[in-house]
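One structure is given here, and the rest of the page talks about it.
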Amino acid sequence: MGKIIVEGGNKLVGEINISGAKNAVLPILAATVIGGKQSTIFNVPNLKDVDVMEKILISIGCNIKRIDKMMWIDSKPLDSIRIPEELVREMRSSIILMGAMLSRIGEVIVSYPGGCEIGPRPIDMHLKALRELGAEIEESHGYIHAKTKGLIGCEIQLDYPSVGATENIMLAATKAKGTTVIRNAAREPEIVDLQNYLNKAGARISGAGTSVIIIEGVSKFNDVTFNTMSDRIVAGTYMIASAITEGEIILKNVIIDHLQAIIVKLREAGSLIYTDNNSLKIIGPKNINSIDMIQTLPYPGFPTDMQAPMMALLSIANGTSIISETVFENRFKHAEELIRMGANIKIFGKVAIIKGVKELTGAKTTAKDLRGGASLILAGLSAKGTTEVENVYHIERGYEDFHIELKRLGANIKKIG
Ligand code: EPZ
């Protein structure tokens, strides 16, 4: 299963080039199915979740070539309607293939993705919207069988700006007859990237990045090349690696606009942050300030994926901070692990109260989910002594060569197994 061992106390100094965004490339890879054409995607991060999506596309008949950060997909030979159950279990976000498959061949069988470490992860909004577009969806024995003779565009009001539901609707509506309007759509930058890919492939979509997205159904598609946006959560995680070690790190290939909520909070916590076109320098403070309140919110609010890394930083702040996790049901599992390292954290439902301590101490810990695992490594960078983090496969789902890059920046870190 693999574990990472960190000796705390080193300042992290140097430069890091931020990889392509996991949460942009996953829906884009699903979208390559729609047109039956060839897509060449650049800046594809080398992650376990991308490996799973690649396996899924191959399993349904697509031809794929992957060289370093470039992936070439020819979806013309697609010949299956069934998404392999074991792959859906490995990566629940493969549910966005539903919209793409309904667009391409009008039928898909996919197992219920089920919950994961951060909550039940229901897909009720996905299914309700696909039914409104005209899909017949049968849910039985843990499987979802959706089919249609042709989707019809309509007005869809989302109860909550769900990222995945917004993406699934965009993928389903791309070839629907007529126009689809999504209201209360998620505004995440990854959705803008998906719109940009789809429009380059021949779609007619506008409004991504706002809460109203309009999709005019089209039938003709073309080959496309596309460069994936930079990963704002990976960038934020390395920013905290600098903030928590009194470091000085320069991040290259970032999109400053996507990082505003993170920049504001890290400045409040005492970091000096300088930004240029697509690079950012962050100098960690000697003393970390506590933050009265951080509330995770849909974009452009403070990202829920940065909640765990931020909790690690606030564990050694001067004073008490409060984090309210409003997006997911159960996303504080890293707190008990940070407490093993000496953090003073109390959880009341979806609110965490973090009373900063002078110093964390190294301990044996276990990653329970992707961002929680990263937060334990961040805590280990500053803790006194040795920290072990088990189950690093969680971390490898979303961070490319995390321990290798941290070592290159000066961390005393290694991976075993
Ligand atoms: C995406 O998940 C991201 N994953 C998550 O990143 C991210 O945390 C999340 O958006 C919020 O930004 C990918 O893009 C692959 P949601 P998604 O649908 O689409 C509830 C990471 O660490 N909900 O916006 O699943 C849901 O339970 C991952 O990279 C319903 O109730 O997020 C949650 O409480 C973790 N019914 C809330 O909405 C639905 O039908 C937000 O979920 C759909 C969602």
Side-chain angles (χ1 to χ4, degrees), residues 17-80 83 87 91 93-94 96-105 108 167-168 170-175 188-206 208-209 215 217-235 252-255 258 278 397-401:
N17 188 42
I18 300 301
S19 58
K22 166 176 85 80
N23 292 349
V25 81
L26 291 176
I28 287 169
L29 290 176
T32 63
V33 155
I34 297 174
K37 298 289 184 183
Q38 298 181 20
S39 299
T40 307
I41 315 291
F42 295 102
N43 203 23
V44 175
N46 183 13
L47 301 171
K48 292 269 185 290
D49 271 8
V50 174
D51 298 346
V52 174
M53 186 57 95
E54 179 185 1
K55 282 183 207 157
I56 290 173
L57 294 177
I58 292 169
S59 74
I60 56 177
C62 297
N63 288 331
I64 292 193
K65 288 194 186 71
R66 193 168 169 192
I67 304 157
D68 194 22
K69 306 255 180 162
M70 183 282 292
M71 196 186 280
W72 172 86
I73 303 107
D74 176 6
S75 65
K76 188 165 184 297
L78 187 139
D79 60 5
S80 168
I83 311 296
L87 294 175
M91 187 186 64
S93 53
S94 39
I96 46 169
L97 276 155
M98 279 187 74
M101 294 287 278
L102 285 171
S103 274
R104 172 64 188 276
I105 48 172
V108 60
E167 291 165 347
N168 234 337
M170 287 168 74
L171 295 169
T174 292
K175 273 180 75 178
E188 272 66 8
E190 291 77 16
I191 290 175
V192 178
D193 231 32
L194 177 61
Q195 170 184 280
N196 293 342
Y197 165 82
L198 284 167
N199 285 344
K200 276 193 88 173
R204 277 217 296 274
I205 305 175
S206 59
I215 305 109
V218 298
S219 53
K220 277 185 69 50
F221 291 86
N222 41 261
D223 295 346
V224 59
T225 61
F226 189 77
N227 194 46
T228 315
M229 64 176 256
S230 166
D231 194 312
R232 58 196 171 99
I233 305 302
V234 169
K252 313 288 275 184
N253 183 34
V254 292
I255 301 170
H258 296 170
N278 60 357
R397 288 186 47 213
Y399 292 93
E400 200 178 62
D401 300 333

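This chain uses plain numbering: 1 for the first residue, then up along the sequence. Owing to the predicted nature of the structure, the values given are computational and were not obtained by experimental measurement.
Residues P45 and V25 approach most closely at CD-CG1, 4.0 Å, considering heavy atoms. Scanning all heavy atoms of the two residues, the minimum distance from S230 to I18 falls at OG-CG2, 3.4 Å. In terms of heavy atoms, V33 sits closest to S75 at O-OG, 3.6 Å. A pairwise comparison of heavy atoms in A203 and N199 identifies O-OD1, 3.1 Å as the closest pair. Here the closest heavy-atom approach between residue D231 and residue G20 is recorded as CB-O, 3.6 Å. The two atoms that bring E167 and P27 nearest to each other are OE2-CG, 3.6 Å, heavy atoms only.
Residues satisfying the side chain to side chain donor-acceptor pair (under 3.5 Å) test with Q195, not counting sequence neighbours, are none. Every residue two or more places apart in sequence or in another chain that forms a side chain to side chain donor-acceptor pair (under 3.5 Å) with Y399 is listed here: T237, R371. The side chain to side chain donor-acceptor pair (under 3.5 Å) check on D49 picks up R397, with sequence neighbours excluded. For K69, the side chain to side chain donor-acceptor pair (under 3.5 Å) partners are E400, not counting sequence neighbours. Residues satisfying the side-chain contact (heavy atoms from CB on, under 4.5 Å) test with V218, not counting sequence neighbours, are R204, F221.
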>> For M91 and L26: C-alpha separation, side-chain torsions, deciding distance, then whether side-chain contact (heavy atoms from CB on, under 4.5 Å) applies.
In response: CA-CA 10 Å; M91 187 186 64; L26 291 176; 3.9 Å; yes
>> Would V108 and L97 count as a side-chain contact (heavy atoms from CB on, under 4.5 Å) here? Give the steps.
In response: CA-CA 8 Å; V108 60; L97 276 155; 5.7 Å; no
>> Could you go through E188 and R232, starting from their C-alpha distance and side-chain angles, then the distance that decides it, and tell me whether this counts as side-chain contact (heavy atoms from CB on, under 4.5 Å)?
In response: CA-CA 11 Å; E188 272 66 8; R232 58 196 171 99; 3.4 Å; yes
> Where do L171 and L194 land on the side-chain contact (heavy atoms from CB on, under 4.5 Å) test, with the steps shown first?
Replying inline: CA-CA 9 Å; L171 295 169; L194 177 61; 4.1 Å; yes
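For the atom pair NZ (K55) and CD1 (I58), the distance works out to 9.5 Å, reported to the nearest 0.5 Å. Note that the CD1 atom of I105 and the CD1 atom of I34 stand 12.0 Å from one another [nearest 0.5 Å]. Interatomic distance, CE of M98 versus CD1 of I83, reported as 9.5 Å (0.5 Å rounding). The structure places CG of D51 at 11.0 Å from CG of L87, a figure rounded to the nearest 0.5 Å. For the atom pair OH of Y197 and CD1 of I41, the computed distance is 5.0 Å after rounding to the nearest 0.5 Å. A distance of 11.0 Å separates CD1 of I191 from CD1 of I205, quoted to the nearest 0.5 Å.
Residues L198 and I215 are not in side-chain contact: their nearest non-hydrogen atoms beyond the backbone lie 4.5 Å or more apart. Contact of the T40 side chain with the M70 side chain is registered, since non-hydrogen atoms from C-beta on lie closer than 4.5 Å. Using a 4.5 Å heavy-atom threshold, the side chains of M101 and I60 count as touching. Inter-residue side-chain proximity for M71 and I64 is flagged as met; some heavy-atom pair is nearer than 4.5 Å. Side-chain contact check for W72 versus N63: some heavy-atom pair is nearer than 4.5 Å. With contacts defined as side-chain heavy-atom distances shorter than 4.5 Å, the pair K37/V224 does not qualify.
Salt-bridge check for E190 with K22: failed, with every basic side-chain N at 4.0 Å or more from each acidic carboxylate O.
For K252, the NZ atom counts as loosely surrounded, since its 6.0 Å shell holds 12 or fewer non-hydrogen atoms of other residues, nucleotides or ligands.
Counting only residues at least two apart or on different chains, no side-chain hydrogen bond (donor to acceptor under 3.5 Å, both in side chains) pair has a member in residues 218-229.
Of the possible donor and acceptor atoms, none in the side chain of D193 sits under 3.5 Å from a partner among the backbone N and O of A24.
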